[in-house]
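Just so we're clear, the structure is a prediction, and the values are computed from it rather than from any experiment.
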Amino acid sequence: MNIPIGWKYLAIFIPSVLGLIGLLVLIRFAWKKGTEYVTPRPTLSRPLSIGGAALGIVAALMPWATFVLNEGAYPDKSTLQFFDSPWAVSGFRLHTLLLSLVALAVVFAPIRKHRIHKALGWSLIGIALINAAFIAGNGGGFGAITSDGSSFAFGAVIGLVAGIALVFSGKAGPVEPIPHLSTDVSRVVAYAVLVVSFTALLLGVAMMLNAGGQGGVGNPYAGPIFLSLLAFFAGVLGALHAVGVTGWISRLSDKHKWFSIVVLLAVALGLPFTEAGTDYWMTTATNIGVYAATAIGLNIVVGLAGLLDLGYVAFLGIGAFVAANFSGAAAAKMGFELPFLVAVIIAAIVAGVFGAVVGSPTLRVRGDYLAIVTLAFGEIFKKSAQNDIGGLTGGANAIPGVPPINWFGLSFDKPLEIAGVKLPSGVMYYVLIIVLVALVMVVFANLKNSRIGRSWIAIREDEDAARAMGIKTGKAKILAFLIGATLAGVAGAVFAHKTSTVAYDSFQFIESVTLLAAVILGGMGSIPGAVLGAALLLVLPEKLREFADYRLILFGFALILIMRFRPQGLVPDKHRRAELANEGAEGVPIEELNLPDDTPGGAKAQVAR
């Protein structure tokens, strides 16, 4: 009897999925029981933390792979056959060693330890799981990370145990509240702290972009190398957050807002001078800037006004096509060329007009119906561009040959040399998009804190209540669409000149979904959140390219995890943080802000100052 091949695969797939679900349920059950045992026993914290830190040091000094994988020896001399110098640690083994040494030092330091050990433990677990999964998946199963019968390599297993021990040491006893460091420091100290912090951020970004090579090209292990570094930085940030440093820096930045903006702008412009200053990353960074500026505009519509827009990429496309038609390209409908700044202004106006047109139906529809209206507009735009209606889009032939921006005899697509330092081609586009994003952020910040911004937030929370309070909701919603579309039109004009070709297939429905995901992932209503969300959605697929067919699955799984554990977004504003995460304005859980007083029965609560 011949069994169809599909049934054979199904017979393998279903038991595998059921086995994985069963394993996850078992792990969850064991974790719950372990937590219940450890939590009421604070005396276990110290031995668990010392043992976990010691095991982490051992894991860093041990091999992680028993034999050479098909793609070659695992990096950082972690394969047993090349393990000739245990003390010469590098890469993820160095990260494991550093995290463990810090965890050991914290045990004997007179500071609050529980949160720090939990952050460092989760970081060790992440590094161990990432490398163990990759070695076992590509190298022959469980024996590749334990023993092949004649040789042994338990680095990953010991690292995993070390991380679990540190996490449980943080669960033993009550978790301390996050310290609130005072911002009453001299201006010189505050400025120095901000400069050092933002410079460290720049160097960290450059390290992550180049982890495993440029886009993973030529390195079969680029994926786990990048993810291991990401887990390491997550542990470092978690530990700094636990001692109140990240919150302190954030408050210092708010207190010295304009200085922070100038330093951030200077730091961003310094990226081409780091190891990430290559043609590849300058192009990617420019695309990130275009998406970030567009996402900030969408944040006005979705994040502030609460209007779900599923066709927002159409405004980006309108700006791009308008700029392309006035660029002097051979295939452009207009027979003349306008200066870039004039073309940008026209593109912004046209996109804004279409935004107001699309916003008009919001006077009578809301919620899911509004989403359908905006989705329809996006599809109308795509079909119109595809069919070259009016001869303005080029149809299937697109509009090629859009000339690069040329200011003062300097072509933006050429390499640049400053003080003997050769910068890659496209660096001027990167500088332009950084300035554009900064201006868009200023516009968004001022709108958010203005009267119309508060009107949008009121509409988002309850439109009927906002109307009852005297807010002209129809006018406010149309204005949100108009301003958001205008910002997208400006970004589209830059996009047209950077890519030199404007085609309808660059503005598909999936692009609107990506922009919406960037806003939600980063944090609705948050300025840095939209930028971070756009950056992650463009960088992560590039860095995970080495995983080939599994790349998008892993990417999607990562988004699911982020939304599960950070529903408020990665960098939420205070409203979303309080609404979705039950946290105070500074990220402290509400239950930690309420402490029982000394009155009999402790019935009252007072807010911790």
Participant: Could you state the interatomic distance from CG (Leu129) to CG (Leu227), rounded to the nearest 0.5 Å?
Facilitator: 11.5 Å
Participant: When you look at Thr35 and Phe168, which way does the side-chain contact (heavy atoms from CB on, under 4.5 Å) test go after all the steps?
Facilitator: CA-CA 7 Å; Thr35 302; Phe168 276 101; 3.7 Å; yes
Participant: With side-chain contact (heavy atoms from CB on, under 4.5 Å) as the test, would you mind laying out the steps for Met207 and Glu275 before giving the verdict?
Facilitator: CA-CA 8 Å; Met207 286 179 61; Glu275 56 184 343; 3.9 Å; yes
Participant: From Ile130 CD1 over to Phe226 CZ, what is the distance, rounded to the nearest 0.5 angstrom?
Facilitator: 9.5 Å
Participant: Any donor-acceptor pair under 3.5 Å linking the side chain of Arg112 with the backbone of Pro177?
Facilitator: yes
Participant: Measure the spacing between CG of Leu252 and CZ of Phe259 and express it to the nearest 0.5 Å.
Facilitator: 11.0 Å
Participant: May I have the step-by-step check of side-chain contact (heavy atoms from CB on, under 4.5 Å) for Trp31 and Ile164, ending in yes or no?
Facilitator: CA-CA 10 Å; Trp31 192 273; Ile164 294 174; 4.3 Å; yes
Participant: Determine the sole option in Tyr74, Phe134, Phe92 for which the ring pair (Phe, Tyr, Trp, His ring centres under 6.0 Å) test with Trp64 is passed.
Facilitator: Phe92
Participant: For Val107 versus Lys113, what's the shortest heavy-atom pair and its separation?
Facilitator: O-CE, 2.9 Å
Participant: Closer than 3.5 angstrom, by distance alone: can the side chain of Ser228 be matched with the main-chain N or O of Ile127 as a donor-acceptor pair?
Facilitator: no
Participant: Only counting residues at least two apart or in another chain, list the ones meeting side chain to side chain donor-acceptor pair (under 3.5 Å) with Ser260.
Facilitator: Ser253
Participant: Between Leu120 and Ala239, which heavy-atom pair has the shortest distance, and what is it?
Facilitator: CD2-CB, 4.1 Å
Participant: Locate the shortest heavy-atom distance separating Ser49 from His117; write the atom from each residue and the value.
Facilitator: CB-CE1, 3.4 Å
Participant: For Ala172, is there any backbone N or O sitting under 3.5 Å from a side-chain donor or acceptor partner on His114?
Facilitator: yes
Participant: Nearest 0.5 Å, what's the OG1-CZ distance between Thr183 and Arg251?
Facilitator: 6.5 Å
Participant: Compile the donor-acceptor pairs under 3.5 Å between side chains in residues 195-204 and protein atoms, sequence neighbours left out, one pair per line.
Facilitator:
{"unit_1": "Ser197", "atom_1": "OG", "unit_2": "Val193", "atom_2": "O", "d": "2.7"}
{"unit_1": "Thr199", "atom_1": "OG1", "unit_2": "Val195", "atom_2": "O", "d": "2.7"}

Participant: So, applying side-chain contact (heavy atoms from CB on, under 4.5 Å) with Thr284, which one of Ile288, Asn287, Thr286 is it?
Facilitator: Ile288
Participant: Taking all atoms of both residues into account, what is the closest heavy-atom pair of Ser169 and Ser45, and its distance?
Facilitator: O-OG, 3.0 Å
Participant: Taking distance alone, no hydrogens or angles, what donor-acceptor pairs closer than 3.5 Å link side-chain atoms of residues 510-524 to residues at least two apart or in another chain?
Facilitator:
{"unit_1": "Glu511", "atom_1": "OE1", "unit_2": "Tyr291", "atom_2": "OH", "d": "2.3"}
{"unit_1": "Ser512", "atom_1": "OG", "unit_2": "Tyr312", "atom_2": "N", "d": "3.4"}
{"unit_1": "Ser512", "atom_1": "OG", "unit_2": "Val313", "atom_2": "N", "d": "3.1"}
{"unit_1": "Thr514", "atom_1": "OG1", "unit_2": "Ile510", "atom_2": "O", "d": "2.8"}

Participant: So, taking the atom named OG1 in Thr96 and the one named CD1 in Ile57, what distance separates them when rounded to the nearest 0.5 Å?
Facilitator: 11.0 Å
Participant: Are the side chain of Trp248 and the backbone N or O of His180 linked by a donor-acceptor pair below 3.5 Å?
Facilitator: no
Participant: Apply side-chain contact (heavy atoms from CB on, under 4.5 Å) to Lys255 and Asp184, showing your working.
Facilitator: CA-CA 10 Å; Lys255 187 175 181 179; Asp184 293 333; 3.8 Å; yes
Participant: In chain order, what residues pass the side chain to side chain donor-acceptor pair (under 3.5 Å) check against His256, with sequence neighbours excluded?
Facilitator: none
Participant: Holding to side-chain contact (heavy atoms from CB on, under 4.5 Å), I want the full list of residues that pass it with Pro75, two or more places apart in sequence or in another chain.
Facilitator: Tyr221, Ile225
Participant: Only distances under 3.5 Å count here; give the side-chain donor-acceptor pairs of residues 263-274 to other protein atoms, sequence neighbours excluded, each with its distance to 0.1 Å.
Facilitator:
{"unit_1": "Thr274", "atom_1": "OG1", "unit_2": "Leu271", "atom_2": "O", "d": "2.7"}
{"unit_1": "Thr274", "atom_1": "OG1", "unit_2": "Ala276", "atom_2": "N", "d": "3.3"}

Participant: Might you point out which heavy atoms bring Pro424 and Asp279 nearest each other, and give the distance in Å?
Facilitator: CB-OD1, 2.8 Å
Participant: So how far is it from Leu160 CG to Ile125 CD1, rounded to the nearest 0.5 Å?
Facilitator: 6.0 Å
Participant: Indicate the atoms forming the closest heavy-atom contact of Gly155 with Ala59, along with that distance.
Facilitator: O-CB, 3.4 Å
Participant: Find out whether Ile111 and Ile116 are in side-chain contact, i.e. whether some heavy atom of one side chain is under 4.5 Å from a heavy atom of the other.
Facilitator: yes
Participant: Taking atom CZ of Phe29 as the centre, does the number of heavy atoms from other residues, nucleotides or ligands within less than 6.0 Å exceed 12?
Facilitator: no
Participant: Has the side chain of Ser250 got a donor or acceptor atom that lies under 3.5 Å from a matching backbone atom of Thr246?
Facilitator: no
Participant: Just wondering, do Phe232 and Leu94 contact through their side chains at under 4.5 Å, heavy atoms?
Facilitator: no
